[in-house]
Amino acid sequence: MPVVTIQGILDGKHEGKSVTVRGWIYRKRESKKTIFLVVRDASGIIQCTVKTDNPSWIEAEKATIESSVIIKGTARQDKRAPGGYEIAVDKLSIIGLAEIFPITQDKSEEFLRNVRHLWLRSHRMNLIMKVRSEVLRFTHEFFRKEGFIEVSPPMFISTACEGGSTLFGLKYFGRDLYLTQSAQLYLEALIYSLEKVYCVAPSFRAEKSRTIRHLSEYWHIEPEWAFADMEDLMHIEENLLRYICQKTVKNCRREVESLDADISKLKAVKTPFPRITYTEAIENLMAKDLKIKWGEDFGYDDEKALAEEFGGPFFVYAYPRQIKAFYCKTHRDNPELVMSTDLLVPRIGEISTGGVREDDKEELLKRIRELSLKEEDYDWYIDLRRYGTVPHVGFGLGLERLLTWMLDLENIIDAIPFPRTIRRFYP
RNA sequence: GCCGCUGUAGCUCAGCUAGGUAGAGCGGCUGGCUGUUAACCAGUUGGUCGUAGGUUCGAAUCCUACCGGCGGCGCCA
């Protein structure tokens, strides 16, 4: 008797046939003559019935919620079963008898976070993790189709990548090092060999942010591209988003709908995305009586107000120099502006930042001094402008922020199996 | 860094305003029930109320400090 997936039975592939399934008891209901075991495996959930005259009745009585089991029986359609199919059990074997499972119907956010290692078994987390996996697959597919080469940047770093963000320090054989906040500087080095590179890697931020859109460890999708300009950058970025969203609609419809996420929003992601300059955005916001002046960075309220207008992903570009990092290239015809662009979505705000990198050695040094950064820390990075510098662009996209938006998650912590936040690092 | 909220049985909460040594539902256990759908019905089992002080004849309730958790802003992806 072959081991089959529960989803296969629910899809009607084994109607009337003898099957074996392996999984865990999800729910249990008992009546005088029948025990109903709701069993889950990685693929789905199905009801199994055990009758009094079955020798397995005693095993079924013993079986507790979350016990692991092997079930042999007959798959059949039954209108009375949730999902329309069930297994009439011939033989039930308990592999691991579970103790009383702590998660029951009433559960608080705090409790579920404490038992995260067990909550991952829930149908909801199962679905989110599947979509996460697929989004990663689509990301890799997209970049490879576009000729990008995947590279592996370091996690231990000696100098900061971003100006503003806070680094996690650590002891490294007696020296002070940091956990990376972005692979960008290292990707920039790699384009001189490979031209088009990308990575999907963790980034660590010690910002003391307490919001539904911050993690201290998150996964960063970062491409870097030699001989490319701002137009190329925005183009590839919107194409990536469109590709991920359209493939998700196509391949993950069941998961997205089961999660009660708005699939029409994903379908609506078409290119080109709306684009607005920073200066236009400021004028727009001032007309709405929001308290912001040219030269200030957007607050969350500002981002929300802009996002409401567009209803989907959109770009803001050409920012004032003083609110962006040292490596951003200044507009040659307006030195007050840098060629930087953020991609924003409703509710979440920024999901990506990117731009043209400063490729002129003198301009870069000027910016490093302007921001009082230590020149010697960036010596290797400046080398990249000494030896055959090229115009190049790149961006960083937060995977979990993207998923939070795509799946309408209430909190970014559900986009990653073991979230790390300012107060949460166990389990 | 600033602001707000919160901590009572394994879980979800009530009780606290006007102090008199804890109550419900879920879960667990026992029994009942002709297929259940987060089954239902009955009984039963669970806690000294985050921690440490203080006020008081008496504190879960009032005061102080500390610890834990959640969210908002700022910052960021």
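The chains referred to below are lettered A, B, ... by the order of the sequence lines, with proteins before strands, and numbering in each begins at 1.
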- Sorted by position of nearest nucleotide on RNA chain B, 5' first, the leading residue of A:G299 and A:L215 is A:G299
- Query: Given atom CG of A:L179 and atom P of B:C76, what is their separation to the nearest angstrom?
  - Reply: 20 Å
- Query: What pairs with A:F395 under ring-ring contact (aromatic ring centres under 6.0 Å, His included), at least two apart in sequence or on another chain?
  - Reply: none
- Item | salt bridge (charged side-chain N to carboxylate O under 4.0 Å, His left out) contacts in which one or both residues fall within residues 115-131 of chain A, not counting sequence neighbours | A:E66-A:R121, A:R116-A:D414
- Message: Can you list, in residue-number order, the parts of residues 393-410 of chain A that come under 4.0 Å of RNA chain B, counting heavy atoms only?
- Response: A:G396, A:R401
- Message: Any carboxylate oxygen within less than 4.0 angstrom of a Lys/Arg side-chain nitrogen, looking at A:E363 and A:R367?
- Response: no
- Task: Taking side-chain contact (heavy atoms from CB on, under 4.5 Å) as the test, write out the residues that go with A:D78, two or more places apart.
- Result: A:R76, A:R80, A:A81, A:E86
- Message: With the six-membered base ring of B:A77 as reference, does the ring of A:Y218 sit under 5.5 Å away with planes under 30° apart?
- Response: yes
- Message: Heavy atoms from C-beta onward define the side chain here; which of B:U36, B:G74, B:C33 lies closest to that of A:R80?
- Response: B:U36
- Item | With sequence neighbours excluded, residues passing side-chain contact (heavy atoms from CB on, under 4.5 Å) with A:L170 | A:F156, A:Y172, A:L177, A:L179
- Is the shortest side-chain N/O distance from A:N411 to OP1 or OP2 of B:C70 below 4.0 Å? no
- Under the ring-ring contact (aromatic ring centres under 6.0 Å, His included) rule, collect the residues that match up with A:H140, sequence neighbours excluded. A:Y198
- Message: One character per nucleotide, please: for nucleotides 2-12 of chain B, 5' to 3', B when the base has a protein heavy atom closer than 4.0 Å, S when only the sugar-phosphate does, - otherwise.
- Response: ---------SS
- Task: Only pairs at least two apart or in different chains count here, so list each salt bridge (charged side-chain N to carboxylate O under 4.0 Å, His left out) that has a residue in residues 397-407 of chain A.
- Result: A:R132-A:E400
- Message: Checking A:F314 now: which residues fulfil ring-ring contact (aromatic ring centres under 6.0 Å, His included) with it, not counting sequence neighbours?
- Response: A:F310
- Looking at residues 420-427 of chain A, who's got a heavy atom less than 4.0 Å off RNA chain B? A:R423, A:R424
- Task: Using distance alone, with no hydrogens and no angle criterion, decide if A:S182 and A:E222 have a side-chain donor and acceptor under 3.5 Å apart.
- Result: yes
- Task: Taking only the side-chain heavy atoms of A:E303 (C-beta and beyond), determine which of B:C76, B:C75, B:A38 contains the nearest atom.
- Result: B:C76
- So, is A:R113 near the phosphate of B:C70, with a side-chain N or O under 4.0 Å from OP1 or OP2? yes
- State which residues pass ring-ring contact (aromatic ring centres under 6.0 Å, His included) with A:Y243; sequence neighbours excluded, sorted by chain then number. A:F142
- Task: Indicate, with a heavy-atom threshold strictly under 4.0 Å, whether A:G349 touches base, sugar-phosphate, or nothing.
- Result: nothing
- Is there any salt bridge (charged side-chain N to carboxylate O under 4.0 Å, His left out) pair reaching into residues 145-159 of chain A, and which pairs are they, with sequence neighbours excluded? A:R144-A:E150
